[in-house]
J.: 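Here it is, the structure, as structure tokens.
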Amino acid sequence: DGGITQSPKYLFRKEGQNVTLSCEQNLNHDAMYWYRQDPGQGLRLIYYSQIVNDFQKGDIAEGYSVSREKKESFPLTVTSAQKNPTAFYLCASSIGVSTEAFFGQGTRLTVV
Amino acid sequence: SQQGEEDPQALSIQEGENATMNCSYKTSINNLQWYRQNSGRGLVHLILIRSNEREKHSGRLRVTLDTSKKSSSLLITASRAADTASYFCATVGAQKLVFGQGTRLTINP
């Protein structure tokens, strides 16, 4: 089955820790995105990548880092520099930037 | 920012009624997309309307686009309880897909 998979579904982070959220797609899509969603809010763009080995900052990139070493994978690291990381994180991919985006089921990150 | 703004933020209607949500955006677009999100889940693409289109239908969904007013509307006809969800518009600008704040739609049985 083709699709986009995020893991884990739930993640707990201690203060001062870095954590990495996984996002994998087998749709052969060039573009991939990471969004953050706070309760009752819209989606805010963290990072995006239009092609392998290239990515750009979104609106709220501070405290986050990404890599795009493979077309299928776009992991997001939430660093200790992100002061309020508790949120729902969504990964998406699309053939191109102007086409329909497919979303994963999200990772809920909680700081404990 | 090219972020779309949805209106209203929340909408509650009776089953069988029609639901209309609006989206405004700030700059020129190639297309505008509408997505649905069930609580705690990822978003699902509903419909895409190109900048040279004025209206598009898909099942019980009707989308309009007015580029002169930089606005779009999503109409869901004959609503069902299963339509309860949040609905987001999204636009593409500077090579990135940007979402609005969403409309939370509740369908009461």
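Heavy-atom basis, side chains included; hydrogens, waters and symmetry copies ignored. A quick note: this is a predicted structure, and the numbers were derived from the prediction, not measured. Convention: sequence-line order gives letters A, B, ...; per-chain numbering from 1.
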J.: Do you know which of B:Ile47, B:Val44, B:Asn31 has the most heavy-atom pairs under 4.5 Å to chain A?
T.: B:Asn31
J.: Within this structure, what is the CG-CG distance for the pair B:Leu46 and B:Leu74, rounded to the nearest 0.5 Å?
T.: 6.5 Å
J.: Side chain, backbone, both or neither: which part of B:Gln9 has a non-hydrogen atom closer than 4.5 Å to chain A?
T.: neither
J.: Considering only heavy atoms, which portion of A:Gln37 lies under 4.5 Å from any heavy atom of chain B: side chain, backbone, both, or neither?
T.: side chain
J.: Under a 4.5 Å heavy-atom cutoff, which of B:Arg50, B:Gln37, B:Glu6 has the most pairs with chain A?
T.: B:Gln37
J.: Could you tell me which portion of B:Leu97 (side chain, backbone, both or neither) has an atom closer than 4.5 angstrom to a non-hydrogen atom of chain A?
T.: both
J.: Give a yes or no on whether the ring-centroid distance for B:Phe99 and A:Tyr35 is below 6.0 angstrom.
T.: yes
J.: So, are A:Asp54 and A:Arg68 salt-bridged, with charged N and O less than 4.0 Å apart?
T.: no
J.: Which region of B:Arg41, side chain (C-beta onward) or backbone (N, CA, C, O), has a non-hydrogen atom less than 4.5 Å from a non-hydrogen atom of chain A, or is it both or neither?
T.: both
J.: Minimum heavy-atom separation for B:Thr20 and B:Ser73, please, with both atom names.
T.: CG2-CB, 4.5 Å
J.: Centres of the B:His45 and A:Phe102 rings: under 6.0 Å?
T.: no
J.: Got a salt bridge between B:Asp66 and B:Arg54, using NZ or NE/NH1/NH2 to carboxylate O under 4.0 Å?
T.: no
J.: Counting only non-hydrogen atoms closer than 4.5 Å, does A:Glu100 touch chain B with its backbone (N, CA, C, O), its side chain (CB onward), both, or neither?
T.: both
J.: Go through the atoms of A:Ser94 and report whether side chain, backbone, both or neither lie under 4.5 Å from a heavy atom of chain B.
T.: neither
